[in-house]
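Okay, so here's the structure we're looking at.
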2 protein chains.
Amino acid sequence: MAEPARRGVPEATVGRLPGYLRALGQAAERGTPSISSEELAGLAGVRSTQLRKDLSHLGSYGVRGVGYDVAQLSAQIARELGLTQDWPVVIVGLGNLGRALAAYRGFATRGFRVVALVDEDPALVGTAIEGLTVRTLDQLASAGPRVAIGVITTPARSAQQVADRLVAMGVRSILNFAPCLLSVPDGVEVRRVDMATELQILAFHEQRRSLADDHAEETAG
Amino acid sequence: MAEPARRGVPEATVGRLPGYLRALGQAAERGTPSISSEELAGLAGVRSTQLRKDLSHLGSYGVRGVGYDVAQLSAQIARELGLTQDWPVVIVGLGNLGRALAAYRGFATRGFRVVALVDEDPALVGTAIEGLTVRTLDQLASAGPRVAIGVITTPARSAQQVADRLVAMGVRSILNFAPCLLSVPDGVEVRRVDMATELQILAFHEQRRSLADDHAEETAG
DNA sequence: GCGACTTTGTGCCTGCGTTCACAAAGTCGT
DNA sequence: ACGACTTTGTGAACGCAGGCACAAAGTCGC
Ligand SMILES: NC(=O)c1ccc[n+]([C@@H]2O[C@H](COP(=O)([O-])OP(=O)(O)OC[C@H]3O[C@@H](n4cnc5c(N)ncnc54)[C@H](O)[C@@H]3O)[C@@H](O)[C@H]2O)c1
Ligand SMILES: NC(=O)c1ccc[n+]([C@@H]2O[C@H](COP(=O)([O-])OP(=O)(O)OC[C@H]3O[C@@H](n4cnc5c(N)ncnc54)[C@H](O)[C@@H]3O)[C@@H](O)[C@H]2O)c1
């Protein structure tokens, strides 16, 4: 039974698969041909029961008494995530952040290829960054390569219109770095990376700890 | 009753508070003095019932029949998140990403101040970036300002040792951009920002949609 | 002042995700 | 060949989070 409830992978599980893949990469470097759920879970930072349940959702199975074949499980998760093909990516907005992303070699290593760079600044359009010529959205729409995933690194005020243009071009997956909400039609998925939000969550807990510390001092002293 | 189960703010709620704060900022720009949960929820991208339940956890309350006072609610959420004080931040690893973050003006706007920059590259140490002199971790530990939050933008292989050093310096909040797991003692919180993971999740759904489309064509044709 | 209306705050229910406990299945030593 | 041991896969219990329905509370028009 290699194909159980195949179309029912829970979202929470999907969110952990990339982590498992990275952990498997580490395991592969060590040269161990197979790995137990306990050890792999340790590398991925989850409980072994959770790992096993997650893997059970993909119908994958290891060998009882032994563990999982590292190479095989890697391939299976990569296939599940759609990383067997290369996804063409466009980066829109080549400021500080967009340029850092364009220069980042980490994408290419796994299934993603930056095939276009877009900005509206006339001083940038036509110049080459990382071997790619910067274009406008118009140029991309009329004569560019097909892109599957759009990365938005423009200021927040431009993000919505950029998203609209991308959607009109057929892009259904957007990674948004601008600190704002994007409204898109059904069938288009937006994920946000928001460092300000992350910092604020850290600040919340930091403050909670500070208050706890203060209280401890108070009662102790 | 302005203080109910004050220490019981659910984690999921905390994760949405920054979004509410941003939405309130937008509302404030419009000049509306008060706002209904329905409208604010729209700006934040959640359901109004969820917004109200979230706010109820902080003991905050609006005025029935009217809504929430924008300025007051803003202040209350900011206080809850610990943004009334400035949190000193250090950025470790001044490559492409670290430099982009150092140049980013978005942090200062709300409660965070980059007070130190760290790298181990001798070519960088001693130079000035964005008005701050780059130091080593040793220099920061012995003679630097106190930092509350550490941002790690080094390659993955260095991230753990950097985290260990930060923890030894008393840092209890870490934002990690390196694609790896950090192991830290209890009482230290790590949050990760991982673009590769986000892209892989997008790829999963993209692939799922592609397969669905193929199937639709097949049955239609 | 009063009734109609608006909007908040919350108890309850439902669904999802995580953890526990254990049977199934396979390996390894003898 | 067989028994002890290891490890997986999963049914079941539990807890948390989200959404619904509704009462409470206040506003506004007259
Ligand atoms: N730099 C960071 O470290 C950082 C951190 C967190 C969040 N962000 C967010 O990422 C986004 C980009 O940040 P940044 O520092 O790189 O900004 P930036 O101002 O340096 O760059 C923005 C770029 O987008 C281009 N642009 C603007 N409107 C455009 C449009 N309609 N079409 C195409 N290109 C357009 C501009 O020409 C510019 O090159 C912002 O939303 C910012 O809030 C950045
Ligand atoms: N650049 C991106 O767009 C991007 C995107 C996603 C993830 N990341 C991750 O962010 C991290 C940084 O990426 P980058 O492209 O800026 O890398 P980079 O190689 O350009 O920069 C890394 C910097 O860290 C410094 N460093 C290394 N070891 C150190 C140590 N022990 N102490 C102090 N400094 C040290 C190096 O001197 C260098 O300046 C990496 O882990 C990368 O995977 C980057």
Side-chain angles (χ1 to χ4, degrees), chain A residues 1-20 23-24 27 32-70 72-74 76-77 80 201 204, chain B residues 1-20 23-24 27 32-70 72-74 76-77 80 201 204:
Chain A
M1 56 179 82
E3 309 274 332
R6 196 57 186 246
R7 289 304 107 208
V9 184
E11 196 54 35
T13 295
V14 174
R16 282 185 293 267
L17 291 181
Y20 299 156
L24 283 165
T32 17
S34 82
I35 190 170
S36 71
S37 65
E38 197 66 48
E39 197 177 352
L40 184 56
L43 290 174
V46 301
R47 301 269 164 213
S48 67
T49 57
Q50 181 152 75
L51 171 65
R52 289 203 300 276
K53 176 144 289 193
D54 282 340
L55 294 183
S56 79
H57 287 127
L58 346 159
S60 146
Y61 54 97
V63 181
R64 297 177 190 225
V66 175
Y68 300 88
D69 182 278
V70 172
Q72 182 190 320
L73 185 55
S74 265
Q76 188 163 1
I77 293 179
E80 190 70 27
I201 294 172
F204 172 86
Chain B
M1 57 178 80
E3 308 275 332
R6 195 60 185 243
R7 288 304 106 210
V9 184
E11 197 54 34
T13 294
V14 174
R16 284 185 293 269
L17 291 180
Y20 300 155
L24 283 165
T32 19
S34 82
I35 190 170
S36 71
S37 66
E38 196 67 47
E39 197 178 353
L40 184 56
L43 290 173
V46 301
R47 301 271 165 211
S48 66
T49 57
Q50 181 153 78
L51 171 65
R52 289 203 298 276
K53 178 150 290 192
D54 283 341
L55 293 184
S56 79
H57 287 127
L58 346 160
S60 145
Y61 55 96
V63 180
R64 297 179 189 219
V66 175
Y68 299 87
D69 182 277
V70 173
Q72 182 190 321
L73 185 57
S74 265
Q76 188 163 3
I77 294 179
E80 190 70 27
I201 295 172
F204 172 86

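Reminder, nothing fancy here: chain letters follow the sequence lines and each chain counts from 1. Hydrogens, waters and symmetry mates play no part in the numbers below; they use all other heavy atoms, side chains included.
Taking atom CG of residue B/Leu51 and atom P of nucleotide C/dG9, one finds them 9 Å apart after rounding to whole Å. Atoms CG (A/Leu58) and C1' (D/dG9) sit 13 Å apart, rounded to a whole Å. B/Leu55 places its CG atom 9 Å from the P atom of C/dT8, with the value rounded to the nearest Å. Rounded to an integer number of Å, the gap from CD of A/Gln76 to C1' of D/dT8 is 14 Å. Rounded to an integer number of Å, the gap from A/Leu73 CG to D/dG9 C1' is 14 Å. Distance, B/Ile35 CD1 to C/dT7 P: 12 Å, rounded to whole Å.
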Sequence neighbours excluded and cut-off under 3.5 Å, please list the side-chain donor-acceptor pairs for residues 11-18 of chain A, or say none.
from: A/Glu11; atom 1: OE1; to: B/His205; atom 2: NE2; distance (Å): 3.3
from: A/Glu11; atom 1: OE2; to: B/His205; atom 2: NE2; distance (Å): 3.0
from: A/Thr13; atom 1: OG1; to: A/Asp54; atom 2: OD1; distance (Å): 2.7
from: A/Arg16; atom 1: NE; to: A/Asp54; atom 2: OD2; distance (Å): 2.7
from: A/Arg16; atom 1: NH2; to: A/Asp54; atom 2: OD1; distance (Å): 3.1
from: A/Arg16; atom 1: NH2; to: A/Asp54; atom 2: OD2; distance (Å): 3.3

Give every donor-acceptor pair under 3.5 Å between a side-chain atom in residues 33-48 of chain A and any protein atom, sequence neighbours left out.
from: A/Ser36; atom 1: OG; to: A/Glu39; atom 2: N; distance (Å): 3.2
from: A/Ser37; atom 1: OG; to: A/Arg52; atom 2: NH1; distance (Å): 3.0
from: A/Glu38; atom 1: OE1; to: A/Ser48; atom 2: OG; distance (Å): 3.2
from: A/Glu39; atom 1: OE2; to: A/Arg30; atom 2: NH1; distance (Å): 3.0

Below 3.5 Å between N/O atoms, which protein atoms pair up with nucleotides 17-21 of chain D? Just atom names and distances, please.
from: D/dG18; atom 1: OP1; to: B/Arg16; atom 2: NH1; distance (Å): 2.7
from: D/dG18; atom 1: OP2; to: B/Arg16; atom 2: NH2; distance (Å): 3.0
from: D/dG18; atom 1: OP2; to: B/Gln50; atom 2: NE2; distance (Å): 3.3
from: D/dG18; atom 1: O5'; to: B/Gln50; atom 2: NE2; distance (Å): 2.9
from: D/dG19; atom 1: O6; to: B/Lys53; atom 2: NZ; distance (Å): 2.5

Under-3.5 Å N/O pairs linking protein and nucleotides 1-4 of chain C:
none

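Inter-residue side-chain proximity for B/Tyr68 and B/Leu55 is flagged as met; some heavy-atom pair is nearer than 4.5 Å. B/Val9 places a side-chain heavy atom less than 4.5 Å from the side chain of A/Phe204.
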Whether each nucleotide of nucleotides 23-30 of chain D has a protein heavy atom under 4.0 Å at its base (B), only at its sugar-phosphate (S) or at neither (-) is summarised, 5' to 3', as -BBSS---
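Considering CD of A/Gln50 and OH of A/Tyr20, their distance stands at 5.0 Å, rounded to 0.5 Å. The distance from the CG atom of B/Leu24 to the CG atom of B/Leu73 is 5.0 Å, given to the nearest 0.5 Å.
Using a 4.0 Å cut-off on heavy atoms, none of the residues of residues 37-45 of chain B approach DNA chain D.
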